[in-house]
Amino acid sequence: MNKISIIGTGSVGSTIAYTLTTMNLATEIVMIDINETKALGEALDIRQGTPFSGPCEVYAGSYADAKDSNIVILTSGIARKPGQTRLELAQTNVDITKKIIPEITKYAPNATYIIVSNPVDILTYTFNKFSDLPESRIIGSGTILDTSRLRAKLSEYYGINQSNVHAYVFGEHGDSSFVPWSIANISNVPIHECNNLIPSSGELKPELNFEEIERYVRTSGGIVIQRKGATFYAVSASVCHICKCLSSGLGTTMTISTMMHGEYGIEDVCLSTLNLVGNDGIRGKVNVPLTDEEIAKLQKSAETLKGVISQLNI
């Protein structure tokens, strides 16, 4: 049995619930929202499709219905508007999260929590500071979505299966994120050598522009919002990947936002580096070797987040 509660039934929360059913990742899904009518409608719509997927009970409920949840996913908060940065959302969504924490942890004290709402690093930090849960059971979705966008782009560029692309986005889920290219590779071919070593379809490819790729990763979420009003498919797939790994006995490495305790010279802030995740939550950080320049970028990202935190009431 795998019971998952989702707080917030907007586009992201509802798409996560739907994707969980299609991937057979839950046997019970509770959808919780201040707008009870919306939650009821979303749950009914998703539930009526379950005969074509695995058996799963999907229903709208209250915080009390989250009792015995294995996983709780927080997607509640004010959505990012076109032209608005994630960090501009900070105080409003911090206040919403602070209200939710005691309500949900009272009923699901043993669950692993996945924070998806933005600004995700700030809210993950808030959850760590404001709840009594162990850090191993507080996961910010962080740059797992950015990493997915990066791999999708590199896959398109080289015309190669996405699963052969091994590259990551570190730091803030936002403007100060960066790609540690020193550890990026495709099927163990270092990214700097891929143009010469990976066969192409005959067409000449320009040299990979690292700055352009990073700019694409940082701005593509805003482009989607500008074009269709919200992002939810890719983030849903990313969050469901975390859920799948939490249900597995084997650990999986991924870029998620967690509290830093001196790694790379960074303390008391949540941002994304490589972590090992399994059925017992976060098993620990995988502190891959970075260049001095990459460590400086990670530290700059940490300082950016700390600058925001210092102006907030957490």
Side-chain angles (χ1 to χ4, degrees), residues 7-8 10 12 73-101 113-131 133 135 138-147 149 168-180 214-215 217-226 230-231 235 238-239 255-275 282 285 290 294-314:
I7 303 176
V12 171
I73 303 170
L74 274 76
T75 71
S76 51
I78 305 302
R80 187 158 63 117
K81 297 179 177 64
Q84 185 181 37
T85 69
R86 293 180 181 92
L87 296 183
E88 286 171 346
L89 294 173
Q91 189 64 64
T92 299
N93 284 351
V94 163
D95 292 342
I96 291 170
T97 301
K98 285 168 68 175
K99 289 178 182 176
I100 290 171
I101 288 172
Y113 285 76
I114 304 175
I115 294 86
V116 183
S117 307
N118 279 315
V120 64
D121 302 293
I122 304 293
L123 299 184
T124 304
Y125 182 84
T126 301
F127 213 99
N128 273 278
K129 293 296 184 180
F130 207 73
S131 77
L133 297 176
E135 291 181 4
I138 302 172
I139 295 173
S141 58
T143 61
I144 191 168
L145 172 58
D146 309 74
T147 294
R149 288 169 172 160
Y168 308 94
V169 177
F170 276 23
E172 171 207 356
H173 176 51
D175 294 338
S176 67
S177 66
F178 72 99
V179 178
E214 290 194 51
R215 186 162 51 251
V217 170
R218 282 194 293 264
T219 61
S220 58
I223 291 170
V224 173
I225 292 171
Q226 184 180 24
T231 62
V235 67
S238 302
V239 172
T255 50
I256 53 173
S257 186
T258 58
M259 184 67 77
M260 301 293 285
H261 294 286
E263 299 87 359
Y264 305 106
I266 299 170
E267 292 267 6
D268 195 38
V269 70
C270 291
L271 45 65
S272 290
T273 58
L274 208 55
N275 286 259
I282 302 166
K285 292 181 173 63
L290 301 177
E294 289 165 350
I295 291 172
K297 288 181 178 179
L298 188 62
Q299 291 174 343
K300 181 181 178 182
S301 191
E303 290 306 313
T304 298
L305 287 163
K306 284 184 176 182
V308 176
I309 289 170
S310 68
Q311 300 174 53
L312 297 174
N313 177 25
I314 294 179

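Heavy atoms only: backbone and side chains are in, while hydrogens, waters and symmetry mates are out. Position 1 is the first residue of the sequence; numbering continues from there.
- Remark: E172 CD to L298 CG distance equals 11.5 Å, nearest 0.5 Å.
- At distances below 3.5 Å, not a single donor-acceptor pair connects side-chain atoms of D146 with backbone N or O atoms of V169.
- The backbone N or O of E267 sits less than 3.5 Å from a side-chain atom of K306, completing a donor-acceptor pair.
- With hydrogens and angles ignored, the 3.5 Å screen pairs no side-chain donor or acceptor of Q299 with any backbone N or O of I266.
- Other residues, nucleotides and ligands contribute only 12 or fewer heavy atoms inside 6.0 Å of the CD atom of Q226.
- In this structure, the separation between CG on N128 and CD1 on I101 is 9.0 Å, given to the nearest 0.5 Å.
- For the pair C270 and L305, the tightest heavy-atom approach, listed with the atom from each and the gap, is O-CD1, 3.5 Å.
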Would you give me the side-chain donor-acceptor pairs under 3.5 Å for residues 256-264, sequence neighbours excluded?
| residue | atom | partner | partner atom | Å |
| --- | --- | --- | --- | --- |
| S257 | OG | D121 | OD1 | 2.8 |
| S257 | OG | L271 | N | 3.4 |
| T258 | OG1 | N275 | OD1 | 3.4 |
| T258 | OG1 | K285 | NZ | 3.2 |
| H261 | NE2 | E135 | OE1 | 2.8 |
| H261 | NE2 | E135 | OE2 | 3.1 |
| E263 | OE1 | H261 | N | 2.6 |
| Y264 | OH | V288 | N | 3.0 |
| Y264 | OH | V288 | O | 2.7 |

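- If you take OG on S141 and CG on L123, they are separated by 9.5 Å, rounding to the nearest 0.5 Å.
- Of all heavy-atom pairs between G171 and T143, the closest is O-CG2, 3.5 Å.
- In this structure, a donor-acceptor pair under 3.5 Å is present between the side chains of D268 and Y125.
- The closest donor-acceptor contact from the side chain of S177 to the backbone of H173 lies at 3.5 Å or more, if one exists at all.
- Taking each heavy atom of G142 and S272 in turn, the nearest pair found is CA-OG, 3.3 Å.
- Atoms OG1 and CD1, on T97 and I122 in that order, are 11.0 Å from each other to the nearest 0.5 Å.
- Partner of F127 under the side-chain contact (heavy atoms from CB on, under 4.5 Å) criterion, out of I100, I139, I138: I138 alone.
- Using a distance-only test at 3.5 Å, with no hydrogens or angles considered, a donor-acceptor pair links the side chain of K98 to the main chain of N313.
- Looking at T231, its side chain never comes within 3.5 Å of a backbone N or O of V224 through a donor-acceptor pair.
- A donor-acceptor pair is defined here as one N or O able to donate and one able to accept, closer than 3.5 Å; such a pair exists between the side chain of S310 and the backbone of G307.
- A donor-acceptor contact under 3.5 angstrom links the side chains of S176 and S301, judged on distance only.
- Heavy atoms only, all atoms of each residue included: V179 and Y168 are closest at CG1-O, 3.4 Å.
- Residues satisfying the ring-ring contact (aromatic ring centres under 6.0 Å, His included) criterion with F178, sequence neighbours excluded, are absent altogether.
- Between the CG atom of N93 and the CD1 atom of I115 there is a distance of 12.5 Å, given to the nearest 0.5 Å.
- Residues I314 and V94 come closest through the heavy atom pair CG1-CG1, 4.1 Å.
- Looking only at distances, no side-chain donor or acceptor of R149 sits under 3.5 Å from a matching main-chain atom of S220.
- When the side-chain contact (heavy atoms from CB on, under 4.5 Å) test is applied to T75, the partners found at least two apart in sequence or on another chain are I6, V12, I16, I73, V116.
- Nearest heavy-atom pair, S76 versus I96, reported as atom, atom and distance to 0.1 Å: OG-CG2, 4.4 Å.
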